[in-house]
Amino acid sequence: MTTNEWPLWEIFIRGQHGLSHRHVGSLHAPDAEMAIKHARDVYTRRNEGVSIWVAKAENIAASAPSDKGPLFEPSNDKVYRHPTFFDIPDEAGHM
Amino acid sequence: MAAAVKAAPTREEALVEFLLRLGDNTLILGHRVSEWCGHAPVLEEDIALANTGLDLIGQTQLWLGLAGEVEGKGRTADSLAFLRDVWDFRNILLVELPNGDFGRTLMRQFLFDAWHVLMLGRLTESADARIAEIAHKAGKEAAYHLDRSSDLVIGLGDGTDESRRRMQEALDYLWPYVGEPFMPDAVDQLMAAEGVAPDPASLRQEYDATLRRVLGEATLTIPQDPFAQLGGKTGVRHSEHLGHLLTEMQWLQRAYPGASW
Amino acid sequence: MYAQMVKSTGQGVKPREEMSPQERAFQDRIDADQKIEPKDWMPDAYRKTLIRQIGQHAHSEIVGQLPEGNWITRAPTLERKAILLAKVQDEAGHGLYLYCAAETLGVSRDELTQDLLSGRMKYSSIFNYPTLTWADMGAVGWLVDGAAIMNQVPLQRTSYGPYSRAMIRICKEESFHQRQGYDIMMKMANGSDAQKKMAQDALNRFWYPSLMMFGPSDKESVHSAQSMAWKIKINTNDELRQKFVDQTVPQAELLGLSIPDPDLRWNEERGHYDFSEPDWTEFFDVLRGAGPCNTDRMAARRNAWDDGAWFRDGLMAHAEKKRARAAAAKTAAE
């Protein structure tokens, strides 16, 4: 087992609607540049027109915890990632 | 049956042939890349590589869809992908080679992306508006692929001794397959004359500049042998590997002819 | 479920009078539906149980890539190939979100991976079954994802903030997974005779393993009682299994397929289907490593990890070189 684990990065993304950057999750990467690339692949699934901030998790100072979780915007790019792409008869019930 | 390479193809034959080349490259490379899904060295990379695969499959649908349309014989992207045999495929040899280790997969991706970006960039100026439109969309995706594969080749070349050794071995192994896309034939000449596509040889200088920049930063040695293995994009002589790939890829369509999935 | 048989470390629910003031305050917050966040105080047993549960869930997503990944290169159309690749990619993403949630509890992803590869930590029994035909892609999406969603939807309300947020994102992304599976089943069930046969065969093979996903009855389990008090488990295994059966039977009827259970029938009085229990001996065999695919699944994960070490180390070494060069350049400039 390698002890050389890639550091953890916190990922913040600004979507296309002009809202400020928001925390969407974390990932591992060897450096900031790769973290940005991975963030694009993991957390935007190739949505264009987003801005990504990454910060090393260990560099984030946190206040007392808040109890409001971030919400996530789905990717708009791949239509089949959305449940409505599949035409399921109503009789099948909620799916 | 795709137009066999003739000394003087008609414009339409050449166009179909040219579109098959584009679509078969992305089809076969997308297939190879998808083989890694679930097996990559780290989760982030598994996800990123799947995105590349998805882009390539999406581009395949566009190129082969257009090829079928231009051909006008009722063939779809799916029937072209799943119901042709080896000799009808028009992808370059580079993309059909087995993945090898992850380093070879990434090196191949880089060598392909560097060409792909240039080709698609020029195709955005194609006299054929349909081609220009697809190239515009695909070009954005390819630019990101190149960005990523360059970074990884640099990082692994200029990484540990082992990663450098593996990347150099990958480069040496793949080198004979680098020249093929730049070799013009009658199809290319006709496409160039019609303003549909660039003369493939005209992309080489810029390609070499990209290679020097990236591979230099990766501290890798670019092989000097100009010898190029040929036969993929003309379909004259594919490697043995393509048949196995197609056996797997086409199996359901072949085993259950006419079924709808 | 994706997390089966997770043992809490406690001896059942601690009576309130035995709790320390800190523990009481903690339980009060949970009872008030407040989220527990990484920096909050939490009982050791809560932390440990969560690490096991989230870790097992994450491992299930990762190993769960393999049975469906088995068909990516054989998908019958370009669109099916893209959909399947996107779905299996999502599973990697879900594993990643969950590992990150576990990491907020003070365990690293590498440690969790080590525990998976050494067999100390488990993953869901369902992924030790083989996918033999294309219809299995339908059955896995319809039944396996269907069963998983049953469990994951309530877990969006779980008490631990990072876990809850991961589940919210996962549920949002997963809703297409079950539908794409059912969509494949519809095509097959309405297709040629061979396709219909494939569809029925897939249902036959995946029905009982799907029921096993919820785990054995835990009505009596002290571990489950504690987990439910902590709101890291929301429903009992039997509740979820019943809900799954009730939902799935009409869907099978709509496909014209039969559930492989001669004793399955609607119970008017209960307002639920009666059904046969799966073979729990088989379940425990699979859990201890004797399922049809345990060896192959673990070998695939071990190879990915071992063969990828040079890649991970190479990029890390490069990042360090870059950092050193940047630092040297800065010193030189000063």
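Letters A, B, ... mirror the listed sequences (proteins, then strands); counts begin at 1.
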A.B. asks: Any chance the rings of A/Tyr43 and C/Tyr97 have centres within less than 6.0 Å?
C.D. replies: yes

A.B. asks: For C/Leu254, which atoms come within 4.5 Å of any heavy atom of chain A: side chain, backbone, both, or neither?
C.D. replies: side chain

A.B. asks: For residues C/Gln114 and C/Asp110, is any side-chain donor paired with an opposing acceptor at under 3.5 Å?
C.D. replies: no

A.B. asks: State whether C/Glu173 and C/Arg169 are salt-bridged, where the test is any N-O pair (Lys NZ or Arg NE/NH1/NH2 against Asp/Glu carboxylate O) under 4.0 Å.
C.D. replies: yes

A.B. asks: Looking at C/Arg323, C/Gln251, C/Glu320, which has the largest count of heavy-atom pairs under 4.5 Å with chain A?
C.D. replies: C/Gln251

A.B. asks: Can you tell which part of C/Met186 gets under 4.5 Å to a heavy atom of chain A, answering side chain, backbone, both or neither?
C.D. replies: side chain

A.B. asks: On the ring face of A/Trp6, is C/Arg109 found with NZ or CZ under 6.0 Å from the centre and within 45° of the axis?
C.D. replies: no

A.B. asks: Which bit of C/Glu253 is near chain A, if near means a heavy-atom gap under 4.5 Å: side chain, backbone, both or neither?
C.D. replies: neither

A.B. asks: Can you find a side-chain donor-acceptor pair between C/Thr104 and C/Tyr160 that sits under 3.5 Å?
C.D. replies: yes

A.B. asks: May I ask you to name which of C/Ala101, C/Ala92, C/Ser108, C/Gly146 has the most heavy-atom pairs under 4.5 Å with chain A?
C.D. replies: C/Ser108

